[in-house]
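Values below: every heavy atom of this structure, side chains too, minus hydrogens, waters and symmetry copies.
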Amino acid sequence: MTQHDEAVRIARLFTAAVEKSMVTSKLGSGDDSLHRNHARHEAVAQYLLDHILRIEGELDRLLRMLEIRIEHYPELYSEWKDPASGRRFDHVVDDRYDETEWTSVLLIEDKIDAPLGVGQLHNYCEFLSNMGRETTLLVLHPMRNPLSAGKAEAETLRTEFP
């Protein structure tokens, strides 16, 4: 592949991400242009991550890096909504046995342009504890430590939800 071909491929990828971000359902939930811009930023990031994880071998690399063991077949879902609770996650990786049996092994939340609070993290942990199986939560956030203001509360979560 030439440098020109690679540049065109990357440009197409970003164009598709921007196009998807302009029609995302999240835009309707924003009260003002700032919220809509945040929704667009997250939609672009979600699309790009989804694209990367669907490239052959990339999902397997991520699972190995996070030390998540797959017994059957990893299945990636985007904008997954739990039917029982209604909770939504940006990406979910299931270890799928067949069409009827699956186990979520990784939940990914993109907080690219949104705050992350201890209360929200508590809700994630509570949801995971109710799943009845070991599942990893990966929150992507641009700040090195987005919970620095709530460090004590975050430590309490570690003991409450191992």
Donor-acceptor contact below 3.5 Å, side chain D95 vs main chain Y73: yes
Partner residues of F89 under the ring-ring contact (aromatic ring centres under 6.0 Å, His included) criterion, sequence neighbours left out: Y124, F127
salt_bridge(E71, R69) N-O dist < 4.0 Å: yes
Backbone N/O of L76 and side chain of R54: donor-acceptor pair under 3.5 Å: yes
Check: D90 main-chain N/O paired with E109 side-chain donor or acceptor under 3.5 Å: yes
Side chain to side chain contact (heavy atoms under 4.5 Å, CB included) between R87 and N123, worked out: CA-CA 10 Å; R87 180 161 303 277; N123 290 339; 3.4 Å; yes
Minimum heavy-atom distance R88-Q46, with the two atoms named: NH2-NE2, 4.4 Å
Spacing of CG belonging to L59 relative to NE2 belonging to H91, to within rounding of 0.5 Å: 11.0 Å
Separation between CD of E56 and CD of E58, rounded to the nearest 0.5 Å: 10.0 Å
Euclidean distance, Y47 OH relative to I52 CD1, rounded to 0.5 Å: 11.0 Å
Heavy-atom side-chain proximity of L106 to L62 below 4.5 angstrom: yes
Heavy-atom check, side chain of L107 versus side chain of L138, under 4.5 Å: no
Gap between atom CD1 of I68 and atom CD1 of I70 - 0.5 Å precision: 7.0 Å
Side-chain touch V92/E75, heavy atoms, less than 4.5 angstrom: no
Qualifying residue, where the test is side-chain hydrogen bond (donor to acceptor under 3.5 Å, both in side chains) with S104 and the options are D94, T136, T135: D94
